[in-house]
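Right, one structure below, let's go through it.
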Protein chains: 2
Amino acid sequence: MFQVPTKTQYAIRALVHLVQVKTASVASIAETERIPFKYLEAIFSQLKSAGLLSADRGRSGGYRLAREPELILMSDVVKATEGDIRPVECVDDASICTVAEGCLPRRFWLGLKRTVDAYLASVTLAEIAEPLSPRNRIEPSPQLNEISIAAKKEHHS
Amino acid sequence: MFQVPTKTQYAIRALVHLVQVKTASVASIAETERIPFKYLEAIFSQLKSAGLLSADRGRSGGYRLAREPELILMSDVVKATEGDIRPVECVDDASICTVAEGCLPRRFWLGLKRTVDAYLASVTLAEIAEPLSPRNRIEPSPQLNEISIAAKKEHHS
DNA sequence: AAATATCCTACTAAATACCTATGAATATAG
DNA sequence: CTATATTCATAGGTATTTAGTAGGATATTT
């Protein structure tokens with residue numbers, strides 16, 4: 001479950017590359033990142049449509065980030081390569097939920113969606129692309145979880 | 001992304017049913033829950049292997065929960081129907097990560113996995129199967145998120 | 001004009017999700 | 001003890017999604 005498609009993994013690798021290199025052609029990125037050229041071309045097309053990349057055609061053209069990596073959330077990236085996060089159909093369209101039972105399952109799935117969304121939106125491309133210094137923080141998630149669990153326990157008693 | 005397979009959705013619906021009915025045959029559950037009979041049979045086989053269900057063969061046999069619904073976590077269910085949560089190969093096997101760059105992406109995916117795991121483990125089957133009273137709480141996730149986001153902001157400043 | 005890019009459309013291949021079929025093993029009710 | 005109702009085991013089969021290819025048109029710089 002929750003296997004992240006290679007498409008999205010490729011997208012992230014390529015974006016990280018672009019953070020460091022500023023601007024590059026699909027061909028060069030595909031080569032150094034070992035990503036199938038034509039596939040990456042298609043992926044970049046999507047990322048551009050989503051407003052994450054800008055492109056210049058022609059000789060010495062190439063792709064570059066459309067805005068600062070600090071302003072690119074990982075949720076933006078995921079939303080660009082795959083669609084919206086929709087764990088179950090009925091989270092959009094409640095009318096499907098004709099099985100009665102007040103649909104607590106639905107609320108469960110909604111909660112999952114919110115949780116994932118929140119996590120993805122809590123990390124920026126800049127954080128992921130940070131130069132490989134031995135002590136870089138970016139520990140948003142472990143703490144996030146500790147807190148969540150603690151909060152849950154509290155609420156329960 | 002994160003489309004939850006119908007298999008898991010079926011599993012949950014069927015388990016909820018079993019919470020209320022105590023014991024039932026696959027056929028009866030399949031009919032009332034509108035789940036393909038043979039498919040549900042296969043799913044129950046998995047759930048039994050995972051230790052979530054017990055079964056009695058023969059004429060008035062059927063399935064029942066192997067333990068109290070309060071002790072069945074949704075993470076157990078998901079783990080039973082699909083495997084472990086493995087957003088990216090390298091979260092298990094770090095040796096794949098030969099692309100250098102200290103692999104901050106890997107930490108990002110790990111964080112996602114932890115977040116999802118924590119959420120799934122924070123809800124029990126009992127909570128989802130609660131009788132349909134107008135005011136049943138079970139708001140673990142919305143609050144959980146508010147807190148998380150608040151905490152994140154705090155941490156940021 | 002030649003070279004090097006992005007861009008566009010269509011296709012194939014592999015994997016996965018979803019479901020069906022057949023029948024054996026087992027227990028119970030009558 | 002036999003008919004029946006159940007779980008259990010194995011082997012398919014179809015449809016959808018994911019992953020990747022192919023070929024070329026279009027734009028821009030040198």
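Values below: all heavy atoms of this structure, side chains included; hydrogens, waters and symmetry mates excluded.
To the nearest 0.5 Å, atom CG of residue Leu120(B) and atom OG of residue Ser122(B) are 7.5 Å apart. How far CZ of Arg13(A) is from OG1 of Thr32(A): 9.0 Å, rounded to the nearest 0.5 Å.
For an aromatic pair to be called close, the ring centres must be under 6.0 Å apart, and Tyr119(A) with Phe108(B) satisfies this.
Across all their heavy atoms, Ala14(B) and Leu40(B) have their closest contact at CB-CD1, 4.0 Å. Contact between Gln46(A) and Lys7(A) at its shortest, heavy atoms only, is OE1-NZ, 2.9 Å.
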Can you pull every protein N or O that's under 3.5 Å from an N or O on nucleotides 19-21 of chain C?
unit_1  : atom_1 : unit_2   : atom_2 : d
dC19(C) : OP2    : Tyr10(B) : OH     : 3.4

Can you give each donor-acceptor pair under 3.5 Å made by side-chain atoms of residues 68-79 of chain A, sequence neighbours left out, with the distance rounded to 0.1 Å?
unit_1   : atom_1 : unit_2   : atom_2 : d
Asp76(A) : OD2    : Arg67(A) : NH2    : 3.2
Asp76(A) : OD2    : Leu73(A) : N      : 3.0

Expected list for residues 52-63 of chain A: side-chain donor-acceptor pairs under 3.5 angstrom, two or more places apart:
unit_1   : atom_1 : unit_2   : atom_2 : d
Asp56(A) : OD2    : Arg64(A) : NH1    : 2.6

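Using modelled atom types and a 3.5 Å distance limit, the side chains of Glu82(A) and Thr8(A) yield a donor-acceptor pair.
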Open item on the list: Evaluate Tyr39(A) against Thr6(A) for side-chain contact (heavy atoms from CB on, under 4.5 Å), listing each step before the verdict.
Closed with: CA-CA 10 Å; Tyr39(A) 198 26; Thr6(A) 63; 4.1 Å; yes
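Whole-Å rounding puts the Tyr63(A) OH to dT6(C) P distance at 6 Å. When rounded to the nearest whole Å, the span between CD1 of Ile29(A) and C1' of dA5(C) equals 12 Å.
Residue Ser45(B) is classed as having no contact, given no heavy-atom separation below 4.0 Å to the nucleic acid.
In the 5' to 3' direction, nucleotides of DNA chain D lying under 4.0 Å from heavy atoms of chain B begin and end at dT4(D) to dA9(D).
Taking every heavy atom of residues 46-59 of chain B and every atom of DNA chain D, pairs under 4.0 Å involve Lys48(B), Ala55(B), Asp56(B), Arg57(B), Gly58(B), Arg59(B), by number.
A search for side-chain hydrogen bond (donor to acceptor under 3.5 Å, both in side chains) contacts involving Ser25(A) returns Ser28(A), not counting sequence neighbours.
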